[in-house]
Q: 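Starting off with a structure, shown below.
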Amino acid sequence: AAPAPSGIYQRASETAEYLRSQVPAELRNPQVAIVCGSGLGGLADTIHAEPVFSTPYSAVPNFPQSTVVGHAGKLVFGLIGPAKLPVMLLVGRAHFYEGHEMELVTFATRVCKLLDIETMIVTNAAGGLNPDYEVGDIVLLNDHLNMPGLMGFNPLRGPNPDDFGVRFPPLSDAYDLELRQRVHKAWGKLGLGQGKRRLHEGVYAFVSGPTYETRAECRMLRTLGADVVGMSTVPEIVVARHSGIRVLAFSLVTNKAVLDASTRGDDAAIQGMSKQELDAYLSKGKANHEEVLEAGREAAKDMQALVKQVLSDLGAA
Ligand code: HPA
């Protein structure tokens, strides 16, 4: 006899079945899921092809309720591009810092698998650690540092749900190379590189938050090889890879993390500063949620155009 399904498989099945019962037939089998991060939910409004089916997370059984400003949670099913590729957008996500367990943070990813989604595109707002990055730049992730994961908060900790994947999944090829090549092509096709915004490839450091990083933490993460830092995405990617979903991930650089030496008052740079100069020095690069949302609004259009182009190309492939 087949082994009994794991608890998480049963709960995710219940949610997938509910969605299948609600969503119109032509939208019921999305091939791609797109997770829209802070300020990046506008993608949902760029789905022109009717019909569109939308439902708030609050109506979806077992779904976590998001508590962050700028993250109103909803699921949107629609068709994108000339080839009418069926997609599902997840506008808003559950974060670990909200107090959710990792299983809940990654629950929607499990549901994606049970909806037979093959590819997941994950977006987020992140702080730039690479001094070469500017606010508004887009970073295609090619690797990550799972800081909470390395310390024990890995979403796959615990009994392995064998119905999703193996006990010890590899992550050395987590960020799909073929999809990344498509992004570079789409970027060229759209001519987005003509403006001042740049496309990079880089390493994302996942931290739990909710505090932004101290200067010393920024230097540590940079020393460890991170290019951007943020409070999401990696748990979803780990769980997606566990069940064989292909992954593409983008960060929008919404602020530059501070790598400057110190604020102790004993370093040469700040010895002779006036009160005004000191205030300016201390506020430089100090991350705040408003700034993150604002940069998101400005750059989001290009990011959305890029994701849409990749989806159109995928639909045509
Ligand atoms: N640190 C962590 N998360 C973030 C940042 C940051 O500087 N900016 C946007 N999300």
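What you see is a predicted model; the values in this text were computed from it and never measured. Both counts, for ligands and for their atoms, begin at 1 and track the order of listing.
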Q: Find all atoms of ligand 1 within a distance of less than 4.0 Å from any non-hydrogen atom belonging to A125, and give their numbers and elements.
A: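 Heavy-atom distances to A125 below 4.0 Å select 9 (C), 10 (N).
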Q: Quick one: CZ on F53 to CZ on R28, what's the gap to the nearest 0.5 Å?
A: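 Here the interatomic distance stands at 10.0 Å.
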Q: For T254, take its heavy atoms, then give the atoms of ligand 1 lying under 4.0 Å from any of them.
A: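 By the 4.0 Å cutoff, the relevant atoms are 8 (N), 9 (C).
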Q: Testing F206, Y97, F96 one by one against F153 for a ring pair (Phe, Tyr, Trp, His ring centres under 6.0 Å), which residue passes?
A: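 In the set F206, Y97, F96, the residue that makes a ring pair (Phe, Tyr, Trp, His ring centres under 6.0 Å) with F153 is F96.
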Q: Verify the ring-centre separation between H200 and Y133: is it less than 6.0 angstrom?
A: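 Yes: the rings meet the under 6.0 Å criterion.
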Q: Can a donor-acceptor pair be found between the side chains of E98 and H95 at a distance below 3.5 Å?
A: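 Side chains of E98 and H95: pair found under 3.5 Å.
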Q: Considering only heavy atoms of E213, which atoms of ligand 1 have at least one such atom less than 4.0 Å away?
A: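 Within the 4.0 Å cut-off of E213, ligand 1 contributes 1 (N), 2 (C), 6 (C), 7 (O).
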Q: For the backbone of S6 and the side chain of D163, can you confirm whether one donor and one acceptor N or O come within less than 3.5 Å of each other?
A: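 Checked: pair present.
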Q: Tell me whether ligand 1 is touched by A257 - counting only heavy atoms on the residue side and a distance under 4.0 Å.
A: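 The answer is no, since A257 has no heavy atom less than 4.0 Å from ligand 1.
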Q: Return a yes/no value for N255: is any of its N or O atoms, backbone included, closer than 3.5 angstrom to an N or O of ligand 1?
A: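 So ligand 1 has an N or O lying under 3.5 Å from an N or O of N255.
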